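Worksheet: the structure to be examined is printed underneath.
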Protein chains: 2
Amino acid sequence: MSEADPSTPKERRLAPPTISRLSEYLIILEELGESGREVVSSRDLAALYGNNASQVRQDLCCLGHTGRVGQGYRVRELERMIRATLGIDTIKKMVLVGCGRLGTTLAVHVPMAHYGMELVGAFDVSPQMIGTRLGPVRVQSAQNIRDFCAKHGVELAVLTVPKTAAQDVSDALVAGGVRGILNYTRVRLRVPAGVAVKNRQIVCSFLQLFHATTSQPA
Amino acid sequence: MSEADPSTPKERRLAPPTISRLSEYLIILEELGESGREVVSSRDLAALYGNNASQVRQDLCCLGHTGRVGQGYRVRELERMIRATLGIDTIKKMVLVGCGRLGTTLAVHVPMAHYGMELVGAFDVSPQMIGTRLGPVRVQSAQNIRDFCAKHGVELAVLTVPKTAAQDVSDALVAGGVRGILNYTRVRLRVPAGVAVKNRQIVCSFLQLFHATTSQPA
DNA sequence: TAGATTGTTAATCGATTAACAATC
DNA sequence: TAGATTGTTAATCGATTAACAATC
């Protein structure tokens, strides 16, 4: 461990655009794999993603060598490499805070278990909600957030609470040791360095679509 | 109309990263406005967004002149300019296809009417679903998609159907004249030039968060 | 006035695209 | 072998950051 592992390929940090493309490549590869496809070229993958072969190869060469010159990439192997690169071959515990409509939908809709995430807890303040089942877990009081996360070693959280509660919940999560928050609220959270926040205001996707159909008529 | 309008400021196309930031600035400005704030500097806005003042000014200077040198930007005025730039001061008609859990959640959760979008139709194949109310509309059979969109001049669509139906629905939307599709399915849609597709696979946000907490420990 | 802050140009940085030798 | 396609370097392109004159 004291020296750089020679088997590790590049180990330079991946560019942010590359990371977001990798997760989309993964989805495409899973679809290809399910349809029985065994090999895919950078050209094919680019056609599916909507970019170009050069970019695909550039993105993929950070993963360690998986392609066969003259042949392309083996779908399953590439899938595994991307999973490893994203880290999702290791399971991380996740909690959901805010079990309203959006929160419950995300919990049900996203196949977390398939992507290295284990939903171990769900929290809400509503007495009607507390105690009900949500997928694999039972909803508990938001007062437990900090202790629960600390006790179970929770690393990730999804935040779908009303904006008035967002910062307090965030503080509780961070105090409990959570290191990544997927923030669906309108609030810009203040978190200490070392905690990752991804803001995903759904309405922004709608606005971007709107603009895309506004700017150039064709 | 034959000459360039001299009142139009730059009118060079906005850079894609700028567009996505603009929609987030808008949310921040709305919050500021609601809290009574009247003026904001590029420095303040950058602190809230999490970038730097230079980038904020660079982004904002495409909108036409709204800032006051030495003073900052008026919150309400800036809000209006961003709305105009995104185009959301003009109403566009939108339909939802796929009224399952995710689709209905989006329809309820996103304040479309507040952002220039009018939900005029919702479609599903399920007989139980057809005829039920969804926000301002009644769910109708997916068979009507094409004719309905053409008849009402629908421009935008949200797609939350099972993947097996995605391409067919997309074709129907396009045939009906829809020019922008917000695609929440795993399928990469094939659409003709001039139709904008924004792929928003929610799971990808989870994967990106995962990676962010994997790469550097702090 | 002096301090603050914009608008905008120039410099830097990073990401995408092109090109091609290596090779299956 | 010839054709295809990777891995990777170099060239181009675009986005971010720095700097500063203009000015409220």
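Keep in mind that this is a model prediction, so the values were computed, not measured. Each chain gets a letter, A, B and so on, in the order the sequences are listed, and its residues count up from 1.
Ring-plane geometry between B:F123 and B:F148 is classed as perpendicular, the angle between the planes exceeding 60 degrees on a 0 to 90 degree scale with a lower cut at 30.
In terms of polar N and O atoms assigned as donor or acceptor, the side chain of A:Q58 never comes within less than 3.5 Å of the base of D:dT6 in a complementary pairing.
Residue-to-nucleotide proximity on DNA chain C shows that, of B:V40 and A:A15, the 5′-proximal contact is made by B:V40. Each of A:V69 and A:S54 was assigned the nucleotide of DNA chain D with the nearest heavy atom; the assignment lying further toward the 5' end belongs to A:V69.
Close to D:dT16, at under 4.0 Å from its OP1 or OP2, lies a side-chain N or O of B:R21. Put simply, A:S42 has a side-chain N or O that comes within less than 4.0 Å of OP1 or OP2 on D:dT6. Contact between the side-chain N/O atoms of B:Y73 and the OP1/OP2 oxygens of C:dA4 is not found at any separation under 4.0 Å. Contact annotation: B:Q71 side-chain N/O to C:dT5 OP1/OP2 distance is not under 4.0 Å.
For the pair A:R74 CZ and C:dC24 C1', the computed distance is 13 Å after rounding to whole Å. One atom, CG of B:L14, and another, P of D:dA15, lie 11 Å apart when rounded to the nearest Å. Atom-to-atom, CZ of B:R57 to P of D:dA18 comes out at 11 Å; the value is rounded to the nearest Å. Atom pair B:D59:CG and D:dT16:P shows a separation of 7 Å (rounding to whole Å applied). Remark: C1' of D:dT16 and CG of B:N52 are 7 Å apart, rounded to the nearest angstrom. The nearest whole Å value for the distance from the CG atom in A:D44 to the P atom in D:dA4 is 13 Å. Atom CD of B:Q55 is separated from atom C1' of C:dT9 by 17 Å (rounded to the nearest Å). The CG-C1' distance, from A:L60 to D:dT8, rounds to 13 Å in whole Å.
Nearest heavy-atom pair across B:T160 and B:G98 is OG1-O, 2.7 Å.
The 12-atom threshold is exceeded at CZ of A:R37, counting heavy atoms of other residues, nucleotides or ligands nearer than 6.0 Å. The neighbour count for B:R74 CZ, taken as heavy atoms of other residues, nucleotides or ligands under 6.0 Å away, does not exceed 12.
Summarising the base pairing, C:dT5 is matched to D:dA22 through a Watson-Crick or G-U wobble pair whose two defining distances lie under 3.5 Å. Nucleotide C:dT12 has D:dA15 as its partner under the Watson-Crick or G-U criteria, with both atom distances under 3.5 Å.
One finds no salt bridge joining B:R188 and A:E31 here, because no Lys/Arg side-chain nitrogen approaches an Asp/Glu carboxylate oxygen to under 4.0 Å.
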